[in-house]
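Everything below concerns the one structure shown next.
These numbers come from the heavy atoms of this one structure, side chains and all, not from hydrogens, waters or symmetry mates. One-based numbering along the sequence shown. For clarity, every value in this text was computed on a predicted model and none was experimentally measured.
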Amino acid sequence: AGRRALAAGGWRGCLNVAGQLGLSVVLLTHTHSGHIRDVPMLAMNFYLRESGVDIYATASVREALASYLLNGQLYPRFLETPKGQPAVRFHPVVPYQEMAIEGYGVIAVPTNHAVPTVGYQLTSAAGRSLFYSGDTGPGLAECWRHIPPELLIIEVTASSRYTDFGRKSKHLTPDLLRDELISFREINGYLPRVLTVHMNPDLEKEIEAEIAALAVELDCSIELAGEGRELEL
């Protein structure tokens, strides 16, 4: 009770130690530093309390952590606590294979980013579902064929005047999000509630205005996520 799963990715803020120790599961999407850099300190906090945390990741993410962060040089390996239990317990993630995690059905689905990346669909025992995209650029039609979420949490990194940058770097803007949502509706016959994350702070007001216009255009709920916001499905 009171334990939470976390889909890790590019926070502005961070959990305090008590919040970190309340975690039981971390889901990692890809190898970019903003999405894995907090793992060593999270591991340290569990290590010092002779406890551990379960981390789910693809093979490429696990290899990056083991080789470049938890490698015994940059940070300790954290393979064992004083009681002989690992502070970081890795679990392999295979795309499209459902996993049972903390009472949820979890499926990793590849998205379109500069490095191999997965998003995660979480489905509760009651059938409620959300999909967290991780970082992604345009071209998500294949992804949409595998997920039918009620809530879509998706990245929008920059405003639409940076759309060319978004295509090249494989990130989304409101203009690119429009195309992806239209594709989602064509494939699944509806649009889910949408929350955007990963916004560049300097562009957030501009993104917010463009997202508001997009919500009116597509006649659906699209909002910017924010620190500390809680949602109920």
Side-chain angles (χ1 to χ4, degrees), residues 1-71 74-81 85-111 113 115-124 129-136 147 149 151 153-155 195 197-198 225 227-231:
R3 307 274 281 188
R4 295 171 293 162
L6 170 67
W11 297 288
R12 284 192 217 166
C14 60
L15 294 174
N16 59 24
V17 173
Q20 292 176 44
L21 295 175
L23 296 173
S24 56
V25 173
V26 176
L27 307 176
L28 297 179
T29 59
H30 64 293
T31 59
H32 282 159
S33 67
H35 298 258
I36 63 173
R37 66 188 179 199
D38 294 317
V39 171
M41 297 314 299
L42 179 67
M44 174 66 83
N45 287 328
F46 276 94
Y47 176 88
L48 293 174
R49 285 155 183 80
E50 302 181 2
S51 185
V53 62
D54 292 299
I55 292 186
Y56 286 76
T58 59
S60 62
V61 175
R62 176 176 178 169
E63 178 61 25
L65 284 168
S67 298
Y68 302 115
L69 289 180
L70 306 181
N71 59 4
L74 190 62
Y75 293 98
R77 294 184 186 276
F78 294 120
L79 297 178
E80 293 185 353
T81 67
Q85 298 297 320
V88 175
R89 299 183 293 262
F90 282 107
H91 300 268
V93 166
V94 178
Y96 309 119
Q97 291 188 9
E98 186 170 11
M99 303 168 286
I101 303 175
E102 296 285 309
Y104 292 89
V106 180
I107 299 177
V109 181
T111 56
H113 193 40
V115 296
T117 302
V118 296
Y120 291 96
Q121 177 163 283
L122 282 71
T123 304
S124 71
S129 63
L130 66 84
F131 180 74
Y132 171 71
S133 72
D135 285 4
T136 186
I147 59 165
L151 173 65
I153 304 174
I154 192 165
E155 75 116 281
L195 285 181
V197 294
H198 205 266
E227 291 283 339
R229 183 171 184 178
E230 296 184 4
L231 299 172

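- Across all non-hydrogen atoms, the minimal contact from P116 to H30 is O-CB, 3.4 Å.
- R77 places a side-chain N or O within 3.5 Å of a backbone atom of N71 that can act as its donor or acceptor partner.
- The six-membered or imidazole ring of H35 lies near that of H198, with a centre-to-centre distance under 6.0 Å.
- Listed here is the closest heavy atom pair of V197 and A225: CG1-CB, 3.7 Å.
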- request: Would you please test L23 and L42 for side chain to side chain contact (heavy atoms under 4.5 Å, CB included) and show each step?
  value: CA-CA 10 Å; L23 296 173; L42 179 67; 4.1 Å; yes
message: If you apply the rule side chain to side chain contact (heavy atoms under 4.5 Å, CB included), what do you find for T29 with D135, and how did you get there?
response: CA-CA 8 Å; T29 59; D135 285 4; over 6 Å; no
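- Taking every heavy atom of both residues into account, L69 and I36 meet most closely at CD1-O, 3.7 Å.
- Residue R62 holds its CZ atom at 11.0 Å from CG of L70, rounded to the nearest 0.5 Å.
- Between T58 and V94, the closest side-chain pair of non-hydrogen atoms is not below 4.5 Å.
- Here the side chain of D38 pairs no donor or acceptor atom with the backbone of M41 at under 3.5 angstrom.
- The two residues E63 and S67 come nearest to each other via the heavy atoms OE2-OG, 2.6 Å.
- Looking only at distances, no side-chain donor or acceptor of T117 sits under 3.5 Å from a matching main-chain atom of H113.
- By the 4.5 Å heavy-atom criterion applied to side chains, V106 and E98 are not counted as neighbours.
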- request: Dump the intermediate steps for side chain to side chain contact (heavy atoms under 4.5 Å, CB included) on I107 and F131, then the final yes or no.
  value: CA-CA 9 Å; I107 299 177; F131 180 74; over 6 Å; no
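- Contact record, H32 with V115: NE2-CG1, 3.6 Å, taken as the closest heavy-atom pair.
- Taking the centre of each ring, Y132 and Y120 stay at or above the 6.0 Å mark.
- No side-chain donor-acceptor contact under 3.5 Å links S51 to the backbone of R49.
- Expressed to the nearest 0.5 Å, how far CZ of R89 lies from OH of Y56 amounts to 9.0 Å.
- When all heavy atoms of S60 and T31 are compared, the closest pair comes out as O-CG2, 3.6 Å.
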